[in-house]
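Reading through the structure tokens given below for one structure.
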2 protein chains.
Amino acid sequence: MDTAEFRRRGKEMVDYVADYLENIEKRQVYPDVEPGYLRSLIPEEAPEQPETYEDVVKDIERVVMPGITHWHSPYFFAYFPTANSFPAILADMLSGAIGCVGFSWAASPACTELETVMLDWLGKMLNLPEEFLAGTKGKGGGVIQGTASEATLVALLAARCRMVKRILSDDPERPEADIISKLVAYSSDQAHSSVERAGLIGGVRMRKIPSDSKFSVRGEALRKVLEEDKAAGLIPFYFCATLGTTPSCAFDYITEIGPICNTEGIWMHIDAAYAGSAFICPEFRPLLDGVEFADSFNFNPHKWLLVNFDCSTMWVKNRTDIIAAFKMDPLYLKHDHQESGIHTLHTHTHTHTHSICHWQIPLGRRFRSLKIWFVFRMYGLRGLQDHIRKHVALAKEFEALVRVDERFQISAEVVLGLVCFRLKGSNDLNEALLKRINSARRIHLVPCQLSGRFVLRFAVCARTTESRHVQEAWAHITQLATELLRQVRDHP
Amino acid sequence: MDTAEFRRRGKEMVDYVADYLENIEKRQVYPDVEPGYLRSLIPEEAPEQPETYEDVVKDIERVVMPGITHWHSPYFFAYFPTANSFPAILADMLSGAIGCVGFSWAASPACTELETVMLDWLGKMLNLPEEFLAGTKGKGGGVIQGTASEATLVALLAARCRMVKRILSDDPERPEADIISKLVAYSSDQAHSSVERAGLIGGVRMRKIPSDSKFSVRGEALRKVLEEDKAAGLIPFYFCATLGTTPSCAFDYITEIGPICNTEGIWMHIDAAYAGSAFICPEFRPLLDGVEFADSFNFNPHKWLLVNFDCSTMWVKNRTDIIAAFKMDPLYLKHDHQESGIHTLHTHTHTHTHSICHWQIPLGRRFRSLKIWFVFRMYGLRGLQDHIRKHVALAKEFEALVRVDERFQISAEVVLGLVCFRLKGSNDLNEALLKRINSARRIHLVPCQLSGRFVLRFAVCARTTESRHVQEAWAHITQLATELLRQVRDHP
């Protein structure tokens, strides 16, 4: 494919993308295929000779689309949203063409620098404490990770490194393996599975703190466990707080937990993967109160802030903590501006380099800040706030519908764009309802478990979801519920 | 931005991308900016109200381009290549529009399934042993990781988990922390920094095996270290072999190392990040002989196989090893086809799910196999082989030029697309030469260190590099060398 053909094919693809997104609600939101469907549709081996673009493109509808779960359909209410916007797609095209691998400042200065400034922009939009910003002379700063899982892991590894060093400075003879074997990390029993996984990777104990009746961890609950563990000779070092849990969008009490962590020398990381985007609205910002006690904070603009996947933004108060956990300096990554890199012109830090690769698991990285820049400028803060507010209003609308149908109950407080609900009745009944909903394929939901109960999650996801989709979804759910309840009554 | 505006702006962006790549050699390959250049060019905060697309787009040339290192310029000879092709850019546009997050089969069946089949296609192109393929009933299979660093880490974690389990099955009372404190991972002293980092993350000892005069690890060198370590009560568990080291593109002797690892129960991972792409050519495939002894194998199509970043392909012989190291199963990820997922229709494995998220650090993932599919079909195996062979021929052409100039010497065997060379003389002299080259900004190179010597690396990188660029680069280098040597002679 030469440049001339790319010009033609690229424009056709722009139209295909526009058509796809414009007409997405006409597509069945969840596919009919069975596992293994795709293998038989395409050859067993790559072609020896080139095929034409027509050959390839006609297979999009034949091979790919039948197996797509359409996350951007306004009938998709599963998981949490994943962002999709036109400015982000445009920025990603540019990023693909530039195709730089920004592992150091020299590898593409704009890639490192725009990222730092965009994280400052976003930090200001969230009204983060000054300490988390890079500015031109701060000790903190932000970085784009791929996913919240990586941020959770990076924070845990930095916390592990900080605690090991701290103990070794008091007791240089103590074997590192002994220290690590005594470390304990904590999170809510509602925390995302990736927190437990981070502990598994880091080779440390994990303990879950029981959440309260609203699925939130209170300071008292943490304190109780800490006392037990310290009495048993263990070393608490990391607490991963969740703001907006995956099952029910619950919020840990970081204003209570934070001071405890600070006193105990425990690293507090905040995982606000979904909810974080909402904090750009002043009315939701109080949910982030207590962030001043945190060592690191992370959320996913690729979920709810219209920046396409992947874009998980993470801030730390003291970037030397992160860098210490990862630093390696081979000659092929050295460059003239070694002292500068991501946070330029700092002379008062203890590190010799600020290349972003020292902040993350992978070495290479794409130019992801371009899509933040495009999206923030083309929507403006107002446009982004409108998007959040619209989704929250739609969730409240759905909640109101559920509340007036006395066969149903709301299972958790509706704070943002997620509604947890269920039929009054057994778990089996609710599982049967979900099965009917997802088999009908008109909308798509996933379940969660709250206090041992099987619960349906209704998350407002697509950028284009409107009131009519929510109303339609509810009419559909209630109709299926009516049929189910009739059938249960007639054939118990 | 509505769909109509996206159609217009998208097509303009296609033209911008085409223009950029068509005229890239007219741009200065390495930028002039100083650290911190960007912050002053843009506002300190995100705009409150939306800006127009014109505002945004005119800042590409004003703000971004002055700070870009142009990796796709034919005058870029630094690091290793990063891929960029039109079919991959088109596929990424589609992937962005679909915007699914493929963490499980149900989250988008096509995303999981196309990936599995593409990894089988590529495995066959490489003539990988059958055991590494998923097929319809194999125990192995492939997955796309973001980077080789992640693959190295995932393999190390799987190896750690396997060894701990093995020891616990013999001695269930032994504390896990005691086992982990005795584990040792190995790699060449030439291995990439990410291997050491994987050990740091995994909390295990790392030991570097001395490479020979050709910068390769021989079986004997490994055996010697193993004997020492076992005598000291340590537990060898992981060897990361490198095929195509970053400094000089050297190859470890995996036909010697592999059998030792197999006998000792050590997990052998092969990192062929750069060189792996070449193994699709029969004449280079012998470099992969010995892969049959490996537990896992990884290389980056995003380096040299025309699939844009990020796309790092990894195969394992026994996927239950990987899954065991990561598995978590919260309810919100459960789905009807739990038993199937990535490798469908298998009933003989011990795992309950094959969702790809159990193979990697992040949970979420983009639809990256689309770009493999587009690229392989539009180039065909032949087109991809031609690309590799062209680059190798250009490196040989450069080598020949160096060899006839008796002021220079070749510092390592030229096997693929990298030439390591230097002026006969001191490290300072060569460092001064590199400084002149990179200051002149006409071409861009990075150095490496080989046996204590400062060496210049000339890597053929861009898809569009031709003989004339190589000739021009050499003429430029020799001119700068002549000036330098004259100056040194006149002002010693």
**Prompt:** With a cut-off of under 6.0 Å to the ring centre and 45° to the axis, is R457(B) in cation-pi contact with F80(B)?
**Reply:** yes
Spell out, as yes or no, whether a donor-acceptor pair under 3.5 Å connects the side chain of S194(B) to the backbone of R197(B).
-> no
Under 4.5 Å to a heavy atom of chain A? For E176(B) that would be neither
When every non-hydrogen atom of C111(A) is compared with those of F367(A), the smallest separation belongs to CA-CE2, 3.6 Å
Applying a strict 4.5 Å limit to non-hydrogen atoms, the region of I68(A) in contact with chain B is both
Exercise for review: Without swapping roles, check the side chain of W373(B) against the backbone of V56(A) for a donor-acceptor pair under 3.5 Å.
Suggested key: no
Applying a strict 4.5 Å limit to non-hydrogen atoms, the region of T69(A) in contact with chain B is both
Those residues at least two apart in sequence (or on a different chain) that pass salt bridge (Lys or Arg N to Asp or Glu O under 4.0 Å) with E51(B) are R377(A)
When the 4.5 angstrom heavy-atom criterion is applied to L157(A) and chain B, the contacting part is side chain
Comparing E44(B), M118(B), M125(B) against chain A, the one with the most heavy-atom pairs below 4.5 Å turns out to be E44(B)
Checked M65(A), Q49(A), R9(A), E5(A) vs chain B; the most non-hydrogen pairs under 4.5 Å come from Q49(A)
Practice item. May I ask you to test the P47(B)-W121(A) pair for a side-chain heavy-atom distance under 4.5 Å? Key: yes
So, the part of M93(B) with a heavy atom under 4.5 Å from chain A: the answer is both
Ranking H302(A), H72(A), E48(A), M13(A) by heavy-atom pairs under 4.5 Å to chain B gives rank one to E48(A)
message = Just so I know, are the side chains of W71(B) and V101(A) near enough to count as touching, which here means a heavy-atom distance under 4.5 Å?
response = yes
- Could you tell me whether a side-chain N or O of S108(B) sits under 3.5 Å from a main-chain N or O of G102(B), the two making a donor and an acceptor? no
Max heavy-atom pairs within cutoff under 4.5 Å with chain A, candidates H70(B), H444(B), R7(B), goes to R7(B)
Would you call the rings of F374(B) and Y53(A) parallel, tilted or perpendicular, where under 30° means parallel and over 60° means perpendicular? perpendicular
Turns out that what part of T147(B) lies under 4.5 Å from chain A's heavy atoms comes down to side chain
The interface call for P31(B) against chain A, heavy-atom contacts under 4.5 Å, is side chain
Side-chain heavy atoms of L21(A) within contact of N84(A), under 4.5 Å: yes
Applying a strict 4.5 Å limit to non-hydrogen atoms, the region of Y20(A) in contact with chain B is side chain
Cut-off 4.5 Å, heavy atoms of chain A, and the answer for L90(B) is both
Distance col, row T3(A):OG1 vs E22(B):CD, nearest 0.5 angstrom, shows 4.5 Å
Most contact-rich option vs chain A, by heavy-atom pairs under 4.5 angstrom, among P109(B), A177(B), G10(B), is P109(B)
Max heavy-atom pairs within cutoff under 4.5 Å with chain A, candidates L94(B), L153(B), N308(B), I180(B), goes to L94(B)
Subject >> Salt bridge flag under 4.0 Å for residues R8(B) and D2(B) >> reply: no
So, the part of D15(A) with a heavy atom under 4.5 Å from chain B: the answer is both
If you tally heavy-atom pairs under 4.5 Å between each of S312(B), G96(B), A18(B) and chain A, the highest tally belongs to A18(B)
Max heavy-atom pairs within cutoff under 4.5 Å with chain B, candidates D19(A), N438(A), I24(A), goes to D19(A)
Could you tell me whether a side-chain N or O of R365(A) sits under 3.5 Å from a main-chain N or O of G146(A), the two making a donor and an acceptor? no
Highest number of heavy-atom pairs under 4.5 Å with chain B among F376(A), F309(A), Y379(A) belongs to F309(A)
Chain B shares the most heavy-atom pairs under 4.5 Å, among L114(A), I98(A), D92(A), with I98(A)
So, the part of L41(B) with a heavy atom under 4.5 Å from chain A: the answer is neither
So, the part of K11(B) with a heavy atom under 4.5 Å from chain A: the answer is both
Pair count under 4.5 Å, heavy atoms only, with chain A: among L122(B), V63(B), T52(B), highest is V63(B)
So, the part of T82(B) with a heavy atom under 4.5 Å from chain A: the answer is side chain
message = Treating K371(A) as the side-chain partner and S95(A) as the backbone partner, does any N or O pair qualify as donor plus acceptor under 3.5 Å?
response = no
Whatever's closer than 4.5 Å to a heavy atom in chain A on D310(B) counts as both
Turns out that what part of I201(B) lies under 4.5 Å from chain A's heavy atoms comes down to both
Turns out that what part of I42(A) lies under 4.5 Å from chain B's heavy atoms comes down to side chain
Sequence neighbours excluded, the answer for side chain to side chain contact (heavy atoms under 4.5 Å, CB included) partners of D178(A) is R174(A), P175(A), S181(A), K182(A)
- request: Quick one: sort the F103(A) and Y79(B) rings into parallel, tilted or perpendicular, breaks at 30° and 60°.
  value: perpendicular
Okay, N300(A) and chain B: the region with an atom under 4.5 Å from a heavy atom over there is neither
Whatever's closer than 4.5 Å to a heavy atom in chain B on L370(A) counts as side chain
Scored by heavy-atom pairs under 4.5 Å with chain B, the best of M1(A), E45(A), E150(A) is E45(A)
Quick check: does any side chain N or O of E113(A) sit under 3.5 Å from a backbone N or O of L38(B), one acting as donor and the other as acceptor? yes
